[in-house]
> 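I have a structure I would like to understand better, so I am pasting it below and will then ask my questions one at a time.
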2 protein chains.
Amino acid sequence: MPEPAVKLRDVARLAGVHPATASRALNPDTRLLVSEDTANRVLAAAAELGYQPNAVARSLRTRRSHTIGVLIPDLNNPLFPPIVRGLEDRLEADGYVALIGNTDGDDARERRVFEQMRARHVDGYVLATAHLRNPLLTEAIRAGVPVVLMNRIAEDNSLPSVTVDNERGVRMAVSHLTSLGHRDIACIAGPQDVSTGLARYRGFRAGMAAAGLEVPAHRLAFASAFSIEEGYRCLRQILAAGRPCTAVAAGNDMLAVGCYLALDEAGLSCPDEMSVVGFNDMPFINMLRPPLTTLAFSHYQVGTQAARLLLERLSGGAGPAKVLYLTPELIVRGSTAPPARLPSYFELKKSGRGGP
Amino acid sequence: MPEPAVKLRDVARLAGVHPATASRALNPDTRLLVSEDTANRVLAAAAELGYQPNAVARSLRTRRSHTIGVLIPDLNNPLFPPIVRGLEDRLEADGYVALIGNTDGDDARERRVFEQMRARHVDGYVLATAHLRNPLLTEAIRAGVPVVLMNRIAEDNSLPSVTVDNERGVRMAVSHLTSLGHRDIACIAGPQDVSTGLARYRGFRAGMAAAGLEVPAHRLAFASAFSIEEGYRCLRQILAAGRPCTAVAAGNDMLAVGCYLALDEAGLSCPDEMSVVGFNDMPFINMLRPPLTTLAFSHYQVGTQAARLLLERLSGGAGPAKVLYLTPELIVRGSTAPPARLPSYFELKKSGRGGP
DNA sequence: TTGTAGGCGTTATCAC
DNA sequence: GTGATAACGCCTACAA
């Protein structure tokens, strides 16, 4: 036998006032419209009855759902849980809740989830999935719903966004490798239609150029997704070219993990025969053998800052879109070392003595 | 300039019918009340205008929010993302969305999140946090809101639940270890106030008893949480007792990872000097060195089944609570091996020749 | 088969 | 400062 919920009416009756007055007393913004005495009576009555405002009715009236739609590629990517936690924790502080939608990188699914959220009248969106050109963006904006980008930026910086300084991060990675003595450095770049993939690739080229090093095509591979499988495929491809390299900069940690698999398969040891550097400092990546050298930043903070930017918009903040860049930090672990003096895998292979 | 949303009224006008008729035509359950011809006209009009029913208004009227509250300890625990994905995917198929709340094992926070969800009129709860005795349970039930337990069971099996067969799993683990030749097996048990921790500990005792082995107190430690830190602390404690053991069964993979750290610190190699077995087969646990032997089950399926159980209740299904046990599968990887013939760490230590 | 009317619980806009 | 009233968008007896 479910207990009947207590409503505003009941509180008002107990306090001996009209529901409208009770509403005013209960709402922080309008409390000053009501005499302190009445306000206290109402508050007391509400407390006594354990009154909880009906958020649904309130939403219908105020046209604000206090709900945010969050689109991410896949919660299973360890990068996202901490980001989502940051987002939720910050939103909660302002009475908002997040609706999480996974798109699996599938446009159709993304659209479905987006519509689903629109039907639920979310007050804003946080998108971690945006391709550089994404119809959803223009659509949301046309509907007057605030949008913040996370881990992504818009081509023209027209949207509030939070991201790590990807370009700078990869330059740091390259500089780390060159200072160890590496000159033949391969690159596994992420998808070039998302800003992260693009910026990191640009950082790689810039870092190499600054060191006066070439980037021959056979040391370059483009992953079609930030996945372990693609990392594996790409490094295999580079190894198959049969030209020597002593280090590889991966577009993110998942790709780097794929590199580990390819190296295992090829019988190459990391870091002795091949250094690997990733990006993101994903949870648990420090537990691998060898622990991965990578670029760290506060994932949690990406979430909290994105929430902050959105809340700013929701409370009427206008003005040009802010684009926040977090500073990456190079975490040197066991996957990078000076290049071996020994004849490299590739030379052994040429002389027919080794390799798979 | 936000576009005005299109409402039922607009669809009705375009189709030349009354809003009530349009409502009936649009709602699958009532479509048969309307002539096929009108229904088609309405559907066409809705499509043309891109009509999306206002979920908020609908909720207020029908008193169903099509929203489910999901309480988990922490999304950062890699066990949960796949479970949550399963849950969300299954719920989505029936038009429900999940509100995820992290409790961080904190009762006050759990209550806050729970109330927050109640205010939003969630239609049901899925709890992965429930302690054996939890006031929230009785409260939700009294309010007439369906509850399903996930990865947990109620003391008296009074609530629908989905869980892996924990006891059986640990018995399998122990049997694996004994068949390798281990006899001196330590146990790091999880918290005993959650069903998971309790059932696995029971499984351990049952497995040992079946093998005719003793469980001396110095080979037993109770973790206060399923965390890496606690796993580390507990194995240190067991090692400090200075009595030989050749294998350890950890209450879950996080605890097992903590064991890895303690072993590293003690200069003990796994599996040569100490076998370790976990529970859960968490994502990425197979990438550790050595890859962890553990008990696997489909996390995703825990989510989908919990969703199924809840949806059953929501659509009026009554009857006794179903308790679903998934079958665990032992995944033998590199962290377990026969006990070394060599003098063990402990003996070396006693004779003063080794150890940290 | 379709139209009418009322209400879900709250808040905004009037009066007083 | 407080009360009355209407409306948010939809659904559903009930009437026709």
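Every chain is numbered from 1, with letters handed out A, B, ... down the list of sequences. Fair warning: this is a prediction, and the values are worked out from it, not measured in the lab.
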> Using a heavy-atom cut-off of 4.0 Å across all strands, would you classify B:Val56 as base, sugar-phosphate, or nothing?
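No contact at all - B:Val56 keeps every heavy atom at 4.0 Å or more from the nucleic acid.
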
> Can you tell me which nucleotide in D:dA4, D:dC10, C:dT2 comes closest to the side chain of A:His18?
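Nearest to the side chain of A:His18 among the choices is D:dA4.
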
> Starting at the 5' end of DNA chain C, which residue's closest nucleotide do you reach first, A:Lys7 or A:Thr30?
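Nearest nucleotide further toward 5': that of A:Lys7.
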
> How many whole angstroms separate atom CG of A:Asn54 from atom C1' of C:dT11?
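Answer to the nearest Å: 13 Å.
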
> Give the rounded distance in Å between these two atoms: CG of B:Asp37 and P of C:dT1.
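Interatomic distance, CG of B:Asp37 to P of C:dT1: 12 Å.
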
> Taking side-chain contact (heavy atoms from CB on, under 4.5 Å) as the criterion, tell me which of B:Leu324, B:Ile153, B:Leu127 meets it with B:Ser161.
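Of all the options given, the one that passes is B:Ile153.
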
> When you measure from the side-chain N and O atoms of A:Ser23 to the phosphate of C:dT10, is any distance below 4.0 Å, counting only OP1 and OP2?
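For A:Ser23, the contact criterion (side-chain N or O under 4.0 Å from OP1 or OP2 of C:dT10) is not met.
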
> Expressed as a whole number of angstroms, how long is the span from A:Arg58:CZ to C:dC8:C1'?
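The answer, rounded to whole Å, is 16 Å.
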
> May I ask you to test the A:Arg120-A:Gln116 pair for a side-chain heavy-atom distance under 4.5 Å?
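The answer is yes, as the side chains (C-beta and beyond) meet within the 4.5 Å cut-off.
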
> Using heavy atoms to find the nearest nucleotide of DNA chain C for B:Val34 and A:Ala55 separately, return the residue whose nucleotide is more 5′.
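The residue whose closest nucleotide sits nearer the 5' end is B:Val34.
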
> Taking only side-chain N and O atoms of A:Ser35, does any of them lie within less than 4.0 angstrom of OP1 or OP2 on D:dT2?
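For D:dT2, OP1 or OP2 has a side-chain N or O of A:Ser35 closer than 4.0 Å.
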
> Would you say B:Tyr51 places a side-chain N or O within less than 4.0 Å of OP1 or OP2 belonging to D:dC10?
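Indeed, a polar side-chain atom of B:Tyr51 lies that close.
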
> Counting any heavy atom closer than 4.0 Å, what does A:Thr38 reach on the DNA or RNA strands: base, sugar-phosphate only, or nothing?
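A:Thr38: backbone/sugar contact only, no base atoms under 4.0 Å.
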
> Where the side chain of A:Arg63 is concerned, which of C:dT11, C:dG3, D:dG9 is the nearest nucleotide?
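Nearest to the side-chain atoms of A:Arg63, counting from C-beta on, is D:dG9.
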
> Look at A:Asp37 together with A:Arg41 and state whether they make a salt bridge at an N to O cut-off of under 4.0 Å.
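A salt bridge is present here (some side-chain N lies under 4.0 Å from a carboxylate O).
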
> What is the distance from CZ of A:Arg41 to P of D:dG1, rounded to the nearest Å?
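Whole-Å distance recorded here is 15 Å.
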
> Whole angstroms only, please: what is the CG-P distance between A:Leu26 and C:dG9?
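The answer, rounded to whole Å, is 16 Å.
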
> In whole Å, I'd like the distance from the CG atom of A:Leu60 to the P atom of C:dT11.
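After rounding, the gap between these two atoms is 11 Å.
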
> B:Arg13 has an atom CZ; how far is it from atom P of D:dC10, in whole Å?
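Distance, rounded to whole Å: 12 Å.
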
> Look at the side chain of B:Arg24 and decide which nucleotide, out of D:dG3, D:dA13, C:dT10, has an atom nearest to it.
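Shortest atom-to-atom distance from the side chain points to D:dA13.
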
> Charged N to carboxylate O under 4.0 angstrom, B:Lys7 versus B:Asp10?
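No, B:Lys7 and B:Asp10 are not salt-bridged.
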
> Charged N to carboxylate O below 4.0 Å: is that the case for A:Glu115 and A:Arg118?
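Looking at A:Glu115 and A:Arg118, the cut-off is met.
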
> Please pick, from D:dT2, C:dT1, C:dT11, the nucleotide with the shortest atom-to-atom distance to any side-chain atom of A:Thr21.
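Nucleotide nearest to A:Thr21's side chain: D:dT2.
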
> What nucleic acid atoms does A:Pro53 come within less than 4.0 Å of, heavy atoms only: base, sugar-phosphate, or nothing?
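Answer is sugar-phosphate: A:Pro53 comes under 4.0 Å of backbone atoms only.
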
> What's A:Leu33 touching, base or sugar-phosphate or nothing? Going by heavy atoms closer than 4.0 Å.
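Counting heavy atoms under 4.0 Å across all strands, the contact made by A:Leu33 includes a base.
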
> B:Arg120 has an atom CZ; how far is it from atom P of C:dT10, in whole Å?
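Distance check: B:Arg120 CZ to C:dT10 P gives 15 Å.
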
